[in-house]
Amino acid sequence: MRADELAVEPPAAARRLLGATLWSGEVGVRIVEVEAYGGDPTGPWPDPASHSGRGRTKRNAVMFGPAGVLYVYLSYGMHTCVNVTSGPDGTAGAVLIRSGEVVAGLEKARVRRVTARTDTDLAKGPGNLGSALGITLGDYGTALLDPASPIRLEWHGAPSTAEIASGPRVGVSVAAEQPWRFWLPSSAAVSVYRRSPRAPRIAAGS
DNA sequence: TAACTGATGAGT
DNA sequence: CTCATCAGTTAA
């Protein structure tokens, strides 16, 4: 995979990342669920739900750089969420890796995820995926397309559109109408969709 | 359904 | 400095 294949609008980059393998040392995860996030209002794809939706900060700085770089952040004080930057250099964008299947290094992943009931659960959900791969805030900024990196991407070509499903992003209270979540329905590791409690309700009732 | 946890950024 | 917020997970 080349950087220019990710230096496109976040939804297009997200589709290309499905089916790719994300390696962290000996543990490999097949990506089956992703979410695209845009950038600030002055860019080509404004996104109020994005960490970069209100401009550049110390935390989101890497989102404004070249594509194919690891953006990690801490969520809810305990989970590390793994993102791949997208869009051209100077334009903010990223793809959150939400869920995957462990395809290598099962033993190590099981040690890191002792609470997982089955192997399918090892990297199911953004926090669990980061935990299974052992990714920490210290890995912020890793060049994922460099074969020498401890954390790297192995691309197998984008899946066909028939294999990809899309829908609203999870846990996002604004811009919830954007179908910027993509997943492979054939995988059992796709996390269950749960609407944000702050998102507008679709219909009245119970 | 809610307890939990801590970095972040906006407001004081 | 404080304070609300957060792209969650888990046990109940």
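Values in this document were obtained by computation on a predicted structure and should not be read as measured data. Here is how names work: the chains are called A, B, and so on, in the same order as the sequence lines, proteins then strands, and each is numbered from 1. In what follows, every heavy atom counts, from backbone to side chain, and hydrogens, waters and symmetry copies are set aside.
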Taking [atom1] from [X] and [atom2] from [N], how many angstroms apart are they, rounded to a whole number?
X	N	atom1	atom2	answer
A:His51	C:dC6	NE2	C1'	7 Å
A:Leu70	C:dA7	CG	C1'	14 Å
A:Leu129	C:dT9	CG	P	10 Å
A:Tyr76	B:dA3	OH	C1'	14 Å
A:Asn83	C:dG8	CG	P	10 Å
A:Leu96	C:dA7	CG	C1'	5 Å
A:Met78	C:dT10	CE	P	10 Å
A:Lys124	C:dG8	NZ	P	15 Å

Identified side-chain contact (heavy atoms from CB on, under 4.5 Å) partner of A:Leu70 from the options A:Leu153, A:Ile97, A:Ile135: A:Ile135
Interatomic spacing from CG in A:Leu22 to CG in A:Leu129 - rounded to 0.5 Å: 6.5 Å
Expected output: side-chain A:Arg30 to main-chain A:Gly100 donor-acceptor under 3.5 Å: no
For nucleotides 8-10 of chain B, give me every protein contact, N/O to N/O, under 3.5 Å, one pair per line with atom names.
unit_1	atom_1	unit_2	atom_2	d
B:dG9	OP1	A:Thr57	OG1	2.4

Sugar-phosphate, base or nothing in reach of A:Asn128, heavy atoms under 4.0 Å: sugar-phosphate
Between A:Tyr37 and A:His51, ring centroids under 6.0 Å: no
Same apolar cluster: A:Met63 and A:Trp180, side chain cutoff 4.5 Å: no
N or O in side chain of A:Tyr73 less than 4.0 angstrom from B:dG6 OP1/OP2: no
Polar contact flag, side-chain donor to acceptor under 3.5 angstrom, A:Asn128-A:Ser131: no
Residue pair A:Glu101 / A:Ser187, side-chain donor-acceptor N/O under 3.5 Å: yes
Any salt bridge linking [X] with [Y]? Criterion: basic side-chain nitrogen under 4.0 Å from a carboxylate oxygen.
X	Y	result
A:Glu26	A:Lys108	yes
A:Arg98	A:Glu35	yes
A:Lys124	A:Asp119	no

Dot-bracket line, read 5' to 3' along DNA chain B, where crossing pairs take [ ] and | marks a partner on another strand, Watson-Crick or G-U under 3.5 Å: ||||.||||||.
Any residue of residues 106-117 of chain A with a heavy atom less than 4.0 Å from an atom of DNA chain C: A:Arg113, A:Thr115
Atom CZ of A:Arg54 with >12 non-hydrogen neighbours under 6.0 angstrom: no
Syn or anti conformation of C:dA7, syn meaning chi within 90° of 0: syn
